[in-house]
Number of protein chains: 2
Amino acid sequence: MNGAATRARIIDAADQLFYRHGYEHTSFAVIADAVQISRGNFYHHFKSKDHILGAVIEARLAATRQLLDQWETEDADPAGRIKKFIHIVVANQVDIQNYGCPVGTLTAELAKLDHPSRAAATSLFTLYREWLRDQFALLGHADRADALAMHVLAFSQGIATLSNAFRDEELVQREVQQLCDWLSFLLP
Amino acid sequence: MNGAATRARIIDAADQLFYRHGYEHTSFAVIADAVQISRGNFYHHFKSKDHILGAVIEARLAATRQLLDQWETEDADPAGRIKKFIHIVVANQVDIQNYGCPVGTLTAELAKLDHPSRAAATSLFTLYREWLRDQFALLGHADRADALAMHVLAFSQGIATLSNAFRDEELVQREVQQLCDWLSFLLP
DNA sequence: GACACCTTAGGACGGTCGCCCTAATGTGTC
DNA sequence: GACACATTAGGGCGACCGTCCTAAGGTGTC
């Protein structure tokens, strides 16, 4: 098999497993099982588990950039784009109920581990933050665009955490609706 | 030394370590070092690491109940009590910046580990939820008291997550102020 | 002082971890 | 077919994991 393809499959499997069971709890053996290659073979593709994590974060960054770009072309209205972001927690409700927010839980875990990739994981948040900030600036709130962006980000994280803890679907619907209402008041 | 005292010291040290470095990442050896007892000695006090976790959660539940009771006696105004809760993220800002919310991060980790004590950890959230619900009911919002309680809870979690990710003090101040303003609109 | 019992020390156990090596196999080029 | 190189299989390495055992030490009662 092509080496690059195997590498991509490792990243993909590791991404899923890191998300579902946490970075530390995911062992080489489990990833190897998922990709159906031998354990020792990893060394050829990645020098260490940390390097796999680095590649996973990089892949997520690329995927996130693509998603945000796609939203830019799909929706001409900045407010509509923000709503698309807000509705992530609804679209991914099942996963979030089971495993929490992929970004929030990863940064939290890496912070506790004092892991070198902590900053890289935070940059995933920054991607959303700056994108949201741009949208709010377009809506005429350039002076407090960053604060508004962080407000939206914070509520998404809060909803994700409680959705995961209580497995409460109604809560998600209700809070999302509330945040969309709040957004409407900001429109020109 | 008194056995009960040693047991209490184990719980206390484990609580700190679980919070700062995560449950799974905290080994027997590290706890033993912190308490200054031998590794194998744990078996006399706790059958397994899971039992230590159980005891830690129980201790946190007791401490939380005591805190909430104290607030009830300290402040006769339900709105004032809610503000006390909101300001937890300010009072514990340093710890939260470094390690996140003790409840939120624990439930998230246990969810990923599919750990038996997951439900027990969630009951820590429930404690706050029901207390907040009671406060909002006292304020004359019995019909939607639970939704309001969850709103405040979600906010706290979101702030804690972002505070931990970005280490941004200003963000905390700003969002807390905003939520207090929101609370003022609900007052009779 | 004798005794029972609570508490502790220290280490062995089977297992798994992340990591690393070597030999074999596949693949493309000439 | 010969060769160079990319990829893989399989397993060993030392370290550490959570658990469990035994023997020693401490403490209180009579």
Side-chain angles (χ1 to χ4, degrees), chain A residues 1-58 106 109-110 112-118 120-121, chain B residues 1-58 106 109-110 112-118 120-121:
Chain A
M1 180 177 299
N2 189 340
T6 303
R7 192 189 143 94
R9 284 201 304 143
I10 292 174
I11 294 175
D12 198 55
D15 191 352
Q16 288 278 337
L17 289 163
F18 289 168
Y19 174 39
R20 301 194 173 188
H21 307 302
Y23 171 66
E24 191 171 33
H25 188 63
T26 301
S27 69
F28 270 66
V30 175
I31 306 176
D33 266 13
V35 188
Q36 287 286 27
I37 66 172
S38 80
R39 222 164 312 122
N41 195 0
F42 275 101
Y43 191 64
H44 182 261
H45 298 280
F46 297 97
K47 278 192 293 181
S48 74
K49 196 175 157 184
D50 286 359
H51 284 80
I52 301 182
L53 176 61
V56 165
I57 293 176
E58 215 164 312
L106 181 64
E109 181 180 4
L110 296 186
K112 299 218 184 221
L113 301 183
D114 201 18
H115 194 278
S117 288
R118 185 193 201 284
Chain B
M1 178 180 298
N2 188 341
T6 302
R7 190 188 145 96
R9 284 201 307 142
I10 292 175
I11 293 175
D12 198 53
D15 192 352
Q16 289 277 337
L17 290 164
F18 289 169
Y19 174 40
R20 300 196 173 186
H21 308 302
Y23 170 67
E24 191 170 33
H25 188 64
T26 302
S27 69
F28 271 65
V30 175
I31 306 176
D33 266 13
V35 188
Q36 288 285 28
I37 64 171
S38 79
R39 219 166 314 123
N41 195 2
F42 275 100
Y43 191 65
H44 182 260
H45 298 281
F46 297 98
K47 279 192 292 179
S48 75
K49 197 174 158 184
D50 286 359
H51 284 80
I52 300 182
L53 176 61
V56 166
I57 293 177
E58 213 164 312
L106 181 64
E109 181 179 4
L110 296 186
K112 300 220 186 222
L113 301 183
D114 201 20
H115 194 281
S117 288
R118 185 194 202 285

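Every value quoted in this text rests on a predicted model; they were computed, and no experiment measured them.
Here the side chain of Lys49(A) pairs no donor or acceptor atom with the backbone of Phe28(A) at under 3.5 angstrom.
Here dG18(C) presents its C1' atom at 14 Å from CG of Leu53(A), a figure rounded to the nearest Å. Atom pair Arg7(A):CZ and dT8(D):P shows a separation of 13 Å (rounding to whole Å applied). Atoms CD (Gln36(A)) and C1' (dG10(D)) sit 15 Å apart, rounded to a whole Å. Atom CG of Leu113(A) and atom P of dG18(C) are 12 Å apart (whole Å). Whole-Å rounding puts the His44(A) NE2 to dC19(C) C1' distance at 16 Å. Note: CD1 (Ile52(A)) to C1' (dC19(C)) measures 11 Å, nearest angstrom. Atom CZ in Phe46(A) sits roughly 15 Å away from atom P in dC20(C) (whole-Å rounding). Atom C1' of nucleotide dT8(D) and atom CD1 of Ile31(A) are separated by 17 Å, given to the nearest angstrom.
The CD1 atom of Ile57(A) sits 9.0 Å away from the OH atom of Tyr23(A) when rounded to the nearest 0.5 Å. Summarising the geometry, atom NE2 belonging to His44(B) is positioned 11.0 Å from atom CZ belonging to Arg7(B); distances are rounded to the nearest 0.5 Å.
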Identify each atom pair where a protein N or O and an N or O of nucleotides 15-20 of chain D are less than 3.5 Å apart, giving names and distance.
residue	atom	partner	partner atom	Å
dC17(D)	OP1	Ser27(B)	OG	3.0
dG18(D)	OP1	Lys49(B)	NZ	2.9
dG18(D)	OP2	Phe28(B)	N	2.9
dT19(D)	OP2	Lys49(B)	N	2.8
dC20(D)	N4	Gly40(B)	O	3.4

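For Ser38(B), no side-chain nitrogen or oxygen approaches OP1 or OP2 of dG11(C) to under 4.0 Å. For His45(B) and dC6(C), the shortest distance from a side-chain N or O to OP1 or OP2 is not below 4.0 Å.
For CZ of Arg39(B), the number of neighbouring non-hydrogen atoms (other residues, nucleotides, ligands) closer than 6.0 Å is 12 at most.
Considering only residues two or more places apart in sequence or on other chains, His21(B) meets the side chain to side chain donor-acceptor pair (under 3.5 Å) condition with none of them.
Among residues at least two apart or in separate chains, salt bridge (Lys or Arg N to Asp or Glu O under 4.0 Å) pairs with a member in residues 10-19 of chain A are Asp15(A)-Arg60(A).
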